[in-house]
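Read the structure below first, then the notes.
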Amino acid sequence: MTIITERSKTTTTKAEQALRMYRQMLAIRLFEERVNDLYTRALMPGLAHLYIGEEAVAVGVCEALHKDDYITSTHRGHGHCLAKGASPDRMFAELLGKEAGYCRGKGGSMHIADPATGNLGANAIVAGSVGIATGAAFAAQRLGNGRVAVCFFGEGALGQGSLYEVMNLAQLFKLPVIYVCENNLYTEYTHFSETTAGEILNRATAFGLEAAMVDGQDVRAVHEAGSRLIERARRGEGPGFLLANTYRYTGHHVGDIAREYYRPKAEEQEWKMDRDPIKNLTKWLLEQKLADSVQLSAMESELTAEMDKAVEFAVTAPYPSPEEVEQDVYA
Amino acid sequence: MTIITERSKTTTTKAEQALRMYRQMLAIRLFEERVNDLYTRALMPGLAHLYIGEEAVAVGVCEALHKDDYITSTHRGHGHCLAKGASPDRMFAELLGKEAGYCRGKGGSMHIADPATGNLGANAIVAGSVGIATGAAFAAQRLGNGRVAVCFFGEGALGQGSLYEVMNLAQLFKLPVIYVCENNLYTEYTHFSETTAGEILNRATAFGLEAAMVDGQDVRAVHEAGSRLIERARRGEGPGFLLANTYRYTGHHVGDIAREYYRPKAEEQEWKMDRDPIKNLTKWLLEQKLADSVQLSAMESELTAEMDKAVEFAVTAPYPSPEEVEQDVYA
Amino acid sequence: MPEVAQREVTFAQAIREALAEEMRRDATVCILGEDVAEAGTPFKVLSGLVEEFGKDRVLDTPISEAGFTGMAVGAAMTGLRPVVDIMFGDFITLTMDQMVNQAAKVHYMSGGRWKVPMVMRTTLGATRRSAAQHSQSLHAWFSHVPGLKVVLPSTPYDAKGLLKTAIRDENPVVFFEDKMMYKLKGPVPTEEYTIPLGVADIKREGNDITLVATSSMVQVALGASTLLEKAGISAEVIDPRTTWPLDEKTLIDSAKKTSRVIVIDEGYGRYGVTAEIASVIAEGAFYDLDAPVKRMGAMHVPIPFSPPLEDATVPTENSVFEAARALCNRN
Amino acid sequence: MPEVAQREVTFAQAIREALAEEMRRDATVCILGEDVAEAGTPFKVLSGLVEEFGKDRVLDTPISEAGFTGMAVGAAMTGLRPVVDIMFGDFITLTMDQMVNQAAKVHYMSGGRWKVPMVMRTTLGATRRSAAQHSQSLHAWFSHVPGLKVVLPSTPYDAKGLLKTAIRDENPVVFFEDKMMYKLKGPVPTEEYTIPLGVADIKREGNDITLVATSSMVQVALGASTLLEKAGISAEVIDPRTTWPLDEKTLIDSAKKTSRVIVIDEGYGRYGVTAEIASVIAEGAFYDLDAPVKRMGAMHVPIPFSPPLEDATVPTENSVFEAARALCNRN
Ligand SMILES: Cc1ncc(C[n+]2csc(CCOP(=O)(O)OP(=O)(O)O)c2C)c(N)n1
Ligand SMILES: Cc1ncc(C[n+]2csc(CCOP(=O)(O)OP(=O)(O)O)c2C)c(N)n1
Ligand SMILES: [Mg+2]
Ligand SMILES: [Mg+2]
């Protein structure tokens, strides 16, 4: 099997890479703002779990992946999908339950999957995909196709025993899998310190995994740490664990408005003001003179137009016809 | 609620305690030899997993427990039951499926349970009782009855994710529970190094537990380390993890005879000759002049007679009557 | 209940009241689950309980369904009466070992010596646009397991009375709540009351056809019966209220009276609850039935996200009406 | 199969041959499980496979049923055809999330874009004196779940042909083997063959009564049919071979012919396989049945250890004979 590496081949300079990551983070933010809007206007069924604030994690890690590498994702998965290369139009369509969606409307927000971009699927079971990602790494190793698998999950997944089972398996078999823990401080409505004893990184090193912690609001740092673990895994040196400290700006889902009983407004403000991954990178790009604000605004306008078009596409797209309900139960 | 402490109250001297542990280990060995015999003579149905070689672990730990403290046990559970105070006659009866058994014959070897000695039950699911032990500690804490719970399991249970879930819970709630991992080097037919990545102790300390490793063939060392963790837990300082390195002399079960494909005879010989817990303690008792060989032989004769009587009792005891099959499904 | 003083409460409130009353009555009752304390669960069913009973009795856990369910088993054996909250019925997959191999069997395996008075509360039901992993009705699994009891309330009155009984029961009881019903209002007596497990309720009397319906399907059946009335067909609606124990007599008697039966349950039809109930009736009323017992359940597909697809998967007032009319040969 | 060249092999050997043939044919087939390599499983079903295919394709895992089942899901999605070995059917409790929320749903949720061609092999059956946690027949659970297929072979011939088909199937298939049957011998063709899923087999033709029997109960039904013959009753014995897909037509046609039916399955009768099959027949042959469809399954009790109790829990040749005779009104 051949390894598709066009994306990383195009990485000629650090500057290009930083701009690509900037663009990607912005795309996610704009995407999620539209999700919020669609949901609030009652156009989106179900629940919407926004990734706003956490963009640097998905983007920094996926920048280090090849197109045919694998990811698994979570209920808060839009950012991972986009960062791995999914198109906003088909994503919006899926979110609205339309036929043109990635899953023909059958999956919805929490189950977007796409073989073309190596996306094994978002998962609505906390830690539900840790086995899948590990298995994909196992297959990659056995087939010798040079791929790696990245398993994204929130720190809530640290509560699920299956994570420890597969970390043990991954280390025993030296599988090319990286577990990326997005510690956004909260599960649904509970602070992680109330649900997490000991030190998170030790939970990975106890099983022999190579582990690293990183500021999840600094996309360049995420990318660097992610790359190291990914390339190490790709070389056959075994699995890694990346702990990214981050924050979700909005509620657990769009309807989670009155949040003060579980977290102070001041905390939210602080993260938004001082630790925003897009602001951080903007500042750096400008400082380094790798971009100017005109250029960045132009990019934003372009992305905004693209996102609005994608929303338009999804809103006007047709629903699947009722007979489809019985299709695809079996392959 | 009052705490029953007669047993530990009778501990006046180290010598008495050592002799008591000696007696208990010998009782287990003699018990298991008879199980082997009953099984080989086709008098015992099902499977028999012998504890021979590992006696010091159960005995050293249980010596540090009160009668109303709790234990949970495993498929290899006879030693734990006896060490916690069960009577051989009703145990043998259970092993043979007789009405007089601890579970009226319904449980058999892998399910002996006894409220009178705080035995929450052996368990035939690997790691199946980690939740139960943790829950008993939780109840003890909430009821303020001063009890602790000890959860015995083989190193194979380290493969089960539920163990990590409950260690996290125990540490968060500071529960009086001690996880005792009996590393006898093998699961059924696989060496633990093939199934266990990283360092075992780290798997407990990662969750914040107090952890210790001990030579499981040295009953005094086990007792000392166990006591420390147990008393710490009893004082409300949180859960502990004790890793006891030990060895099963015989097969995974009595029928597991041709073992050389998974472990060398020389290894078995070495443990039996050089690291036998009963021999070790005999030597020490004699050296310290805490006992002489006449006294120890007398003890052995006495125990042998007791065990033979217990076997006799069980063999001649009646089976439950068939109507009992529908009893006790519901309380 | 015409002479009894009544109040209107929602289904959620009925459950909350049952818990609060039992927690006041019995200090050993406690609640364990994710986001059960300050958040009062995502459905707000438990709002206010932590304020009254404190964090010692309403405990937020990590996302460790197997772990805290296992703890509940042990705690129930040793003096508490835990009520565990499994946020979505789909997550019982993670608790099967603790519920089936432990909770359900402890009493029997120990020859009646230990008991497990615990309750698991969880949900069932689709049409919330929650997709395949948050929409299942898996109560058939637990109904299949001796040692468990399974409760499916369909009104606030039943919910409150049955939950109080479940908490007092000496056995593990699984209590399934339809998540679409939490806001449904209905009368409950001002005075304390309980409802025994194993007694079906005739929600509406009729002569031409029996609609046996569970949980969410009771309202559907009642709606259908109104439509049927207009078509000149008198339908009897029976709610078994518990699938185990099952009140076979009431079901069979009704079938004998009307001679036509439809069984409606929101779980999958195949190998589901409708199969058992239909078999019981087909056997018990064999000589009185004028037509085959008809079964209606969820379509045999994972529940799709897309609204027009999802709506096709579950029985509706209209589909039940049509089926009943066809069965009565009146078109 | 009179003209076909035949050999006598045991049930275990048939399974081993199916695996070996498929592993030779397709390099992506691999085996994951506990003690599957050198030990060849405790039942020695897989003996010799690791010698032929190496440790890269026959992998010993830790005791992590959830973990390695999850890995199999991911590996199946990405190019392998894993066969996981769950030593005892009782341990499927630990895999329910991976099998039901992941494996069964991936294809549907992804709109048909990913598929999961994996097989889970496990066991069922009591009377091995293994007590409540090693004696269950839990195949009804998986049969209830859309997206899974469930196979229950009853002869070496069926085992081999069905397992080969299961491995080639593009969907997750669960394959239940009766552990008491491993040594049963029977003819298999010398030439390669496969058996489609979803086709019942008439194990014996007859006219007076239909005995529908699965797995372990097929031999029991055949034994009963011999006794019945002596009593002048001609019994037809039908083995559905797969509970999903289910060959309803063959069952209904036979019921129409004989007008009397007993359904026999070793799982619990309540909410079990017999309920579905009995319902299908009672509906499909409603106007032809002369007596209610009778169901025989395991008693609704955890399986007890004590031999006289355990023997009472399952249908036997005699109990089926008596039931059939009573149903035919000939005493
Ligand atoms: C096994 C399981 N338990 C509970 C839930 C309900 N649930 C959905 S999201 C969530 C919190 C997840 O927290 P975290 O993993 O930190 O992810 P975040 O939402 O913070 O990104 C919970 C409890 C679930 N989906 N799956
Ligand atoms: C969940 C589960 N998986 C597999 C088994 C089968 N099994 C019984 S004992 C055993 C090995 C246990 O090894 P270990 O925990 O080290 O205990 P030991 O036998 O060495 O005392 C296995 C795999 C089981 N009983 N439960
Ligand atoms: Mg989080
Ligand atoms: Mg071991």
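So you know, we letter chains A, B, ... as the sequences are listed, proteins then strands, and number each from 1.
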For chain C, the option from [options] that forms the most heavy-atom pairs under 4.5 Å:
options	result
D:G269, D:A104, D:P304	D:P304
D:T243, D:D90, D:V273	D:T243
D:I277, D:L94, D:T95	D:L94
D:K294, D:Q102, D:Q133, D:M99	D:Q133
D:G147, D:A282, D:A275, D:P146	D:P146

Relative to chain D, which segment of C:F286 carries a heavy atom at a distance below 4.5 Å: side chain, backbone, both, or neither?
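For C:F286, side-chain heavy atoms alone lie under 4.5 Å from chain D.
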Could you look at C:I92 and say if it's the side chain, the backbone, both or neither that has a heavy atom under 4.5 Å from chain D?
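Contact with chain D is absent: no heavy atom of C:I92 under 4.5 Å.
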So how far is it from D:R295 CZ to C:E283 CD, rounded to the nearest 0.5 Å?
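If I round to the nearest 0.5 Å, the distance is 7.0 Å.
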Kindly compute the distance separating CZ (D:F305) from OH (C:Y108), expressed to the nearest 0.5 Å.
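Nearest 0.5 Å value for the CZ-OH distance: 13.0 Å.
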For D:V293, which atoms come within 4.5 Å of any heavy atom of chain C: side chain, backbone, both, or neither?
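When you check distances to chain C, only backbone atoms of D:V293 fall under 4.5 Å.
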Contacting moiety of D:Q98, where chain C heavy atoms sit under 4.5 Å
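Nothing of D:Q98, per the 4.5 Å heavy-atom cut-off to chain C.
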Partner residues of D:F91 under the ring-ring contact (aromatic ring centres under 6.0 Å, His included) criterion, sequence neighbours left out:
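ring-ring contact (aromatic ring centres under 6.0 Å, His included) check on D:F91 returns D:F88, D:H134.
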Taking ring-ring contact (aromatic ring centres under 6.0 Å, His included) as the definition, give me every residue that meets it alongside C:Y268, ordered by chain and number, with sequence neighbours left out.
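Checked C:Y268 against ring-ring contact (aromatic ring centres under 6.0 Å, His included); matches are C:H300, D:H144.
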Could you tell me which non-hydrogen atom of C:P292 sits nearest to which non-hydrogen atom of D:Y287, and how far apart they are?
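Scanning both residues, the minimum pair turns out to be CD-OH, 3.8 Å.
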So which of C:A285, C:A298, C:A291, C:G111 has the largest heavy-atom pair count under 4.5 angstrom toward chain D?
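Max contact count across the listed options: C:A291.
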Quick one: which of C:G267, C:G272, C:S279, C:A66 has the most heavy-atom pairs under 4.5 Å with chain D, could you say?
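Among the listed options, the one with the most contacts to chain D is C:S279.
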Is the shortest distance from a Lys or Arg side-chain nitrogen in D:R270 or C:E276 to a carboxylate oxygen in the other one below 4.0 Å?
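The answer is yes: the pair qualifies as a salt bridge.
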Could you walk me through whether D:Q136 and C:N101 satisfy the side chain to side chain contact (heavy atoms under 4.5 Å, CB included) test, starting with their C-alpha distance in whole Å, then the side-chain angles of each, then the deciding distance to 0.1 Å, before giving a yes or no?
CA-CA 10 Å; D:Q136 293 165 93; C:N101 282 331; 2.8 Å; yes
Contact list for residues 98-113 of chain C, test salt bridge (Lys or Arg N to Asp or Glu O under 4.0 Å), sequence neighbours left out:
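Output for this query lists B:D114-C:R113.
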Using the ring of each side chain (for Trp, its six-membered ring), is C:Y271 parallel, tilted or perpendicular to D:W244, with breaks at 30° and 60°?
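The arrangement is perpendicular - the two ring planes meet at more than 60°.
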Are there residues of residues 255-266 of chain D that reach to under 4.5 Å of chain C by heavy atoms, and which ones?
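Result: none.
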